[in-house]
Amino acid sequence: MWLVRRDSDGTGAGRIELPDVLRAALVRWYVGRGTRDDEEAGIALVQQARIGARWIACDCLAGDVPPPILTPAFLSEAETYYLRRLTSAKRPEHQADCPFFRDQVTHRLSEVRHPDAPADPPDGWFEVLKPAPEKLAQRPDETASDDRTRQASIPRLARLLWRLLDNAGLNRCSPLADERETAIGDQFRRLATAAARVEVAPGIELGRVLWTHAAALHGRRTFATLRALADRWPAGHAPQGFITLFATSFRGSEIVVSGGDPVRIANRIQSPSTRANPIDGPFLVIVVVGEYPEAHGYAPLRAYAQPIYSGHRFIPVDTAFERQAIKALLAARRSLDRAGIDLVLEKPIFDRLTPLGSCRPDFLVEARSRLTGEIKLVAIEALGKPTGERLAMRRAALAPLRDVVPVIEIAEEHITRGQVGDLLAAGLDL
């Protein structure tokens, strides 16, 4: 198989032959029998082919005849890449026994996060982009399986942002007496501090290639820094940088930044905010910048828009109702403080391991009585208006937690009636 120029017949000069190991991985992924590494290699190849204006020519026909063509495509409903067979009266067909004779099996192409789907923190380097796909297949990345899970696939860019938020502690609210400044500048400073402890590649700290405002992109400082570092970038890793932006909204491939020019991305922006789960801004958006063949240089390639509570608290939210729940819980924190109880509120980003299994509640609350020193932990479930099926699923998913700590369910009616503080006080029983 070869990478060939777009709009060609697949013959002539300029063809790039794919290594046998990459071809084998691509076939396994295409027919739905591949491992996670095969899937990762296939998606990386298709993405790079799409960015580089290349098609993939099949080798199932003998001789120097024009080969059957596969084109890189983006499946918007599932927010991922796949291969589409290019068929027409003028195009040769694959051999009947060729694995590419039929359309691709796409039963595991969804990249939409579901609140009930397992999510473990990504290990290894803070990187999204891979080296050229022909090199990727020769030495599989030991962390390739981080990007997708069997139950529901999660974009690696999203999981890296969650890892950064978790490391920075921005998903936690301290007791009122210990709380630090929560202005937007402080939130970004905490992200930058956490980035200094993470590496993009061996010897390359994330802090050196992380920016927190769009001016670095518009002024091309991001590109200049990556060009200066490219020669020193470790082999087996692709030069890449990251930008975190506070955004009011996004649409398609455009990020609307407050008080600045929009930021445009090469691909459609991913987010948990969908038609089925609409969540308004604000968003904390992470953008990965890397080599873009069509631009003959660097460009913002992909982005993930994470809904957050507010510009003063970068607490990630999975639903619109969770914002209401956080507001009610912060109000309860103030009332409990007046009653002599210090309260720590946390939005768990990754699964928690309990003696009975792993699970991820919507919120965890740790309370300490200043009078007795007693400490208690409760889990909060922000249910909103759950259907019977959704409620049963969440209760089953949280079963391991219910035998470890009390679980308080907060519905819309509790917030409307101002009952969250009373529910929390009763659950804590301090």
Side-chain angles (χ1 to χ4, degrees), residues 158 160-198 206-207 210-215 242-250 255-260 271-273 279-286 304-350 361-368 370 377-378 380 382 410 415 418 420-421 424:
L160 291 177
L161 176 61
W162 301 339
R163 172 182 171 184
L164 196 57
L165 287 168
D166 195 52
N167 289 353
L170 291 174
N171 58 325
R172 292 181 283 278
C173 298
S174 302
L176 285 174
D178 302 330
E179 188 163 66
R180 292 191 263 171
E181 177 63 41
T182 61
I184 189 168
D186 175 74
Q187 302 290 289
F188 277 120
R189 279 190 293 274
R190 289 171 65 179
L191 279 179
T193 300
R197 303 190 296 268
V198 179
L206 175 60
L210 176 71
W211 292 266
T212 57
H213 47 81
F242 298 87
I243 303 171
T244 52
L245 301 170
F246 178 76
T248 54
S249 63
F250 70 92
I255 304 166
V256 181
V257 181
S258 180
S271 176
S273 178
I279 313 174
D280 293 333
F283 300 91
L284 180 64
V285 183
I286 186 168
Y304 182 83
Q306 173 63 53
I308 54 175
Y309 175 64
S310 72
H312 291 270
R313 294 188 188 276
F314 286 3
I315 305 173
V317 296
D318 294 324
T319 64
F321 180 69
E322 281 191 357
R323 276 209 189 99
Q324 300 177 44
I326 292 172
K327 185 176 181 181
L329 288 168
L330 289 175
R333 184 184 65 155
R334 289 191 294 272
S335 63
L336 287 169
D337 178 73
R338 290 191 294 270
I341 297 173
D342 292 329
L343 189 146
V344 178
L345 172 65
E346 178 181 356
K347 165 65 178 173
I349 294 178
F350 300 109
D362 289 333
F363 301 98
L364 281 174
V365 170
E366 182 183 282
R368 180 180 64 86
R370 294 197 295 268
L377 183 71
V378 298
I380 306 291
I410 295 178
I415 292 179
V420 172
L424 197 55

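Predicted, not measured: the structure shown is a model, and the values here were computed from it. Quick note: numbers below take in every heavy atom, side chains included, and nothing from hydrogens, waters or symmetry partners.
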J.: side-chain contact (heavy atoms from CB on, under 4.5 Å) with V344: which residues, sequence neighbours excluded?
T.: P175, E366

J.: List in chain and number order the residues that pass side-chain contact (heavy atoms from CB on, under 4.5 Å) with D280, two or more places apart in sequence or in another chain; answer none if no residue qualifies.
T.: none

J.: Would a distance-only check, ignoring hydrogens and angles, find a side-chain to backbone donor-acceptor pair under 3.5 Å from Q306 to V317?
T.: yes

J.: Test of understanding: with side-chain contact (heavy atoms from CB on, under 4.5 Å), list the residues that count as partners of I243, not counting sequence neighbours.
T.: W211, L217, T222, L245, V287, V289

J.: Looking only at heavy atoms, what is the nearest atom pair of P272 and P307, with distance?
T.: CG-CD, 3.4 Å

J.: Measure the shortest side-chain to side-chain distance between I380 and L364 over non-hydrogen atoms and say whether it is less than 4.5 angstrom.
T.: no

J.: Side-chain contact, heavy-atom cut-off 4.5 Å: L170 with I315?
T.: no

J.: State, to 0.1 Å, how close R313 and L330 come at their nearest heavy-atom pair, and which atoms those are.
T.: NE-CD1, 3.7 Å

J.: Which residues pass the salt bridge (charged side-chain N to carboxylate O under 4.0 Å, His left out) test with R370, sequence neighbours left out?
T.: D337, D342

J.: How long is the gap from CD1 on I279 to CG on D318, to the nearest 0.5 Å?
T.: 7.0 Å

J.: Which residue pairs pass the ring-ring contact (aromatic ring centres under 6.0 Å, His included) test when at least one of the two sits in residues 164-194, sequence neighbours left out?
T.: F188-F314

J.: Taking S271 for the side chain and A305 for the main chain, is one N or O donor matched with an acceptor at less than 3.5 Å?
T.: yes

J.: Holding to salt bridge (charged side-chain N to carboxylate O under 4.0 Å, His left out), I want the full list of residues that pass it with E346, two or more places apart in sequence or in another chain.
T.: R172, R352

J.: Would you say that T248 contacts P282 through its side chain, given a criterion of any heavy-atom pair below 4.5 Å between the two side chains?
T.: no

J.: Could you grab the distance from atom CD of Q187 to atom NE2 of H312, nearest 0.5 Å is fine?
T.: 9.0 Å

J.: Report the C-alpha distance between R333 and L176 in whole Å, list the side-chain angles of each, state the deciding distance to 0.1 Å, and finish with yes or no for side chain to side chain contact (heavy atoms under 4.5 Å, CB included).
T.: CA-CA 8 Å; R333 184 184 65 155; L176 285 174; 3.2 Å; yes

J.: Rounded to the nearest 0.5 Å, what separates atom CG in N171 from atom OH in Y309?
T.: 15.5 Å

J.: For F250, check ring pair (Phe, Tyr, Trp, His ring centres under 6.0 Å) against everything at least two apart and list the hits.
T.: F283

J.: Tell me which pairs pass salt bridge (charged side-chain N to carboxylate O under 4.0 Å, His left out) where either residue lies in residues 321-331, with sequence neighbours left out.
T.: E322-K347

J.: For A328, which residues count as a side-chain contact (heavy atoms from CB on, under 4.5 Å) partner, sequence neighbours excluded?
T.: I415, V420

J.: Please report the closest heavy-atom contact between A367 and I341, naming both atoms and the distance.
T.: CB-CG2, 3.8 Å

J.: Hey, what do you get for CG (N167) to CH2 (W162), rounding to the nearest 0.5 Å?
T.: 14.5 Å

J.: So, for G311 and F246, which heavy atoms are closest and what is the spacing to 0.1 Å?
T.: CA-CE1, 3.4 Å

J.: Taking all atoms of both residues into account, what is the closest heavy-atom pair of E179 and C173, and its distance?
T.: OE2-CB, 4.3 Å

J.: Return the CG to CG distance between L164 and D166, rounded to the nearest 0.5 Å.
T.: 9.5 Å

J.: State which residue, out of L191, T244, L160, fulfils the side chain to side chain contact (heavy atoms under 4.5 Å, CB included) condition with L165.
T.: L191

J.: Within this structure, what is the CD1-CD distance for the pair I410 and Q324, rounded to the nearest 0.5 Å?
T.: 11.0 Å

